[in-house]
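Everything on this sheet refers to the single structure shown next.
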Amino acid sequence: MSDQLSADIVVIGSGICGLLTAQRLATQGASILVLEAGPRRERGDIVNSYRNGAYKGSWMNPYPPTAWAPHPRFQPHDNGYLVQTGPAPYPAEYIRMVGGTTWHWAAQAWRVLPNDMQIKTLYGVGRDWPINYDELEPFYYEAEVKIGVSGAPNTGSPRNKPFPMEPVAEVWAMRRFRERLAVGGYDVVSNTTARNSRPYDNRPACCGNNNCQPICPIAAQFDGGVAVEMAEAAGVKIMANCVVYQIEHDAQGRIAAVHYYDPDKNSYRVTGKTFILAANGIESPKLLLLSASDKYPNGLANSSGTVGRNLMDHPSNSLTFDVDEDFWLGRGPQSPTSINTFRDGAFRSEHAAFRLDFTNINQSRPVAEDLIKAGVYGPELQTRLRYGAARQVNVKNVLEVLPNPENRVTLSSQKDALGIPKPQVYYSFDDYTNKGMDASRLEYTHIAQLMGGTNLRYSPERAYANNQHITGTMSMGNDPGDSVVDKFGRTHDHENLFIVSTGVMPTAATCNSTLTALALAMRTAQHMHETT
Amino acid sequence: MGRNGAVIHVSSSPSTNSSPESREPDVPVSGAYDLARRSLLLGLAAAGVVLTAPQAFADTTPSRDAFLAVSKLLTGFTSLDPGLAARLYDALNTNDPKFTAGVTALATLISQQNIDPLSLQATLDGTHSDLAALPRQIVTAWYMGVVGTGDAARCIAFETDLTNIVVSDKLTPPSFCFGAYGSWTSQPV
């Protein structure tokens, strides 16, 4: 047993960043143990949970939290795990389970734009990254090859080598958006996704299950399940149901061990030479704060006081409308297409940049729900359901919020079933965000006009949906006084503690954060291999 | 087609599906019950609903027949899968012990007043609030495959719920393969 509870490298968290960092290091000869708080489940079981679930509109439906490793859940009601204290709700969703939250993503695998990494210098807002795009580019490519990314070259992010795969075949409805919006000067392009446009790495091409979220039944997109297989094939040992509750340091400030509870609250100690924290942008800062000691009364890696601060995500507003031709959204993958021209420009000194995204999610279920809510019954119900399923479309934004130290994760006085403090969040939006939202709405209106749109339904003003791209809470930076990790992901305060997470991103940019976090993680792994 | 495909029973008192012997016989009945029954038949016939009593409902009770008749009126389907009907009825009944009496009363009301499905909800909201929740429960069961609310919500059907059936010539239920890679590039016709 003692052999099992020690490794060269101990990883806390089995999401895509933790597992693929572990996989990379394992292939270079290190012994690696990954501790995951949640349970282990198989793909078929999750597919069945989706099909048999009563709340198919919630991507968390097939992933119920466990008693020992709870995660936030908001349908059918808030389970109270993520304690809210701010003026704006922050209903973050993530999965504590072997494989992590990419079990239910849309496989959006974007690179940031070079300018995204220096918005302070260029636009006087936010903060600059400690590295530039060129330094990250090779690791972007490594990550893209690893998870199988397909995409179009015209999204604004330079690349030295072609995508591993061609873009996924264009959905009819998205082709019509592209053709009709070109008249208005909009450049509609294929999304960059970890989705197979051909068989790749022993996984099949997409066959249009239109269920990327909450679970691809055939692994045609990269997800947590694939990450588990890759890591284990490289010799990584993954232990489920191990709830790490303390990181232990020695007198010199090096990390000596981590302590975890099993579901019955028996405690275990795991030693290692090097430790990687990879438990996402909320649970990771929670654990650092929770590990406070006499030597580090504000928590580990927190001499700057910024652990948990600068919480960011991508809020969205949207427009739903009926287009004037039959589109039948739901044929092909869920999120295939977007407009990238508002991601950068001089306006960033005044308002937030954004990407516009067109859904291809089957609309029949939400349309039916709306009709039943309206009390439409009989033959008219069928008629209107078919009309809505054929014609209803939606465009939304993915908008950059700026780092704000007041937006943060802290420890709640409330505790979970094991007696561990729940994470608590304070979240708010500023004028920079609101102005970007207003600019987005003008584009929606123009887009609807070009599409012959009727029955325009804007999302409520100043109430934004969340996108589960948790960033900023353990920011990287050159100055130990205002950042948690250095430009390689090593904590400033603890020589043998590294962090791989979307949480190390200093700013959120306008694209889904996973690929960038993974590229940073590959860079961290390279650095660890060279220096530890 | 069961019993000649055109017989529907309406009972003025609650009945349970656990006592099939209590079902009304196919013989003439009298009084207000008879009137309600004939009225419902006429009303549903006027709404274009073809009444059938399929095999799966061979052990039917009057409230089951009322459920099927009301379901056809509300869903706009003249033919409904009897097996699914039985499962939805049982789930609705389990979810709410008063469902049996409610659906029977709703059937009676619809037939007596010859209410059009499009005006039904407004009518109930205005003058029969005790029955107002029933149409949504029934239509949600058929179209969403879901019975119950909150933590008690249960999925009874998915691939065969009427939402997926209504669009099945164009779309597959989410999580089921649409077709070969790239089959979505063509115009839906």
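Each chain gets a letter, A, B and so on, in the order the sequences are listed, and its residues count up from 1. The model shown is predicted, which means the values in this text are computed figures rather than measured ones.
- In this structure, B:Tyr181 and A:Arg198 have side chains that are not in contact, with every pair of non-hydrogen atoms separated by 4.5 Å or more.
- At a 4.5 Å heavy-atom cutoff, the contact between A:Phe327 and chain B is made by backbone atoms alone.
- Among B:Gly182, B:Ala180, B:Pro135, the residue making the largest number of heavy-atom pairs under 4.5 Å with chain A is B:Pro135.
- Using a 4.5 Å cut-off on side-chain heavy atoms (C-beta onward), A:Trp328 and B:Val167 make contact.
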May I have the list of side-chain donor-acceptor pairs in residues 141-157 of chain B shorter than 3.5 Å, sequence neighbours left out?
from, atom 1, to, atom 2, distance (Å)
B:Trp142, NE1, B:Ser71, OG, 2.8
B:Tyr143, OH, B:Thr75, O, 2.7
B:Asp151, OD1, A:His77, NE2, 3.0
B:Asp151, OD2, A:His77, NE2, 2.9

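- Looking at A:Val168, the atoms closer than 4.5 Å to chain B (heavy atoms on both sides) sit in the backbone and in the side chain alike.
- Contact tally against chain B (heavy-atom pairs below 4.5 Å) for A:Glu170, A:Arg175, A:Arg176: the top residue is A:Glu170.
- Across A:Asn362 and B:Pro174, no two heavy atoms sit closer than the pair ND2-CD, 4.0 Å.
- At least one side-chain heavy atom of B:Pro188 sits less than 4.5 Å from a side-chain heavy atom of A:Trp172.
- Counting non-hydrogen atoms of other residues, nucleotides and ligands closer than 6.0 Å to CG of B:Asp169 gives a total above 12.
- If you measure heavy-atom distances from A:Ile361 to chain B, you find no contacts under 4.5 Å at all.
- Here the CG atom belonging to B:Leu118 is positioned 9.0 Å from the CG atom belonging to A:Leu381, to the nearest 0.5 angstrom.
- Once rounded to the nearest 0.5 Å, the distance linking CD of A:Gln382 with CG of B:Leu162 reads 7.5 Å.
- Only the backbone of B:Ser183 has a heavy atom closer than 4.5 Å to any heavy atom of chain A.
- Side chain of A:Arg386 to backbone of B:Val166: a donor-acceptor contact under 3.5 angstrom is found.
- Two residues are said to be in side-chain contact when any heavy atoms from C-beta on lie closer than 4.5 Å; B:Phe178 and A:Cys207 fail this criterion.
- Top candidate by heavy-atom pairs under 4.5 Å with chain B, chosen from A:Ser364, A:Gly208, A:Pro204, is A:Gly208.
- The closest side-chain heavy-atom distance from B:Val139 to A:Tyr377 is below 4.5 Å.
- Neither the backbone nor the side chain of B:Asp125 comes within contact range of chain A, judged by heavy atoms closer than 4.5 Å.
- Only the backbone of A:Asn196 comes within contact range of chain B, with at least one heavy atom under 4.5 Å from a heavy atom of that chain.
- Other residues, nucleotides and ligands contribute only 12 or fewer heavy atoms inside 6.0 Å of the CD atom of A:Glu166.
- The heavy-atom pair separating B:Trp184 from A:Cys206 by the smallest distance is CH2-O, 3.4 Å.
- Using a 4.5 Å heavy-atom threshold, the side chains of B:Thr163 and A:Leu385 count as touching.
- The main-chain N or O of A:Ile372 is found under 3.5 Å from a side-chain atom of B:Arg136 such that the two form a donor-acceptor pair.
- With a 4.5 angstrom heavy-atom cutoff, B:Leu171 touches chain A only via side-chain atoms.
- Of the atoms belonging to A:Thr383, not a single heavy atom falls under 4.5 Å from chain B.
- Listed options A:Cys216, A:Ala374, A:Ala390, A:Gly53 were ranked by heavy-atom pairs under 4.5 angstrom with chain B; first place goes to A:Gly53.
- Residue pairs meeting the salt bridge (charged side-chain N to carboxylate O under 4.0 Å, His left out) criterion with at least one partner in residues 47-58 of chain A, sequence neighbours excluded, are absent.
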Going through the distances and angles, do A:Arg365 and B:Asp161 end up as a side-chain contact (heavy atoms from CB on, under 4.5 Å)?
-> CA-CA 10 Å; A:Arg365 178 163 293 272; B:Asp161 70 29; 3.0 Å; yes
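- Here SG of B:Cys177 is found 6.5 Å from CD1 of A:Ile218. Values are rounded to the nearest 0.5 Å.
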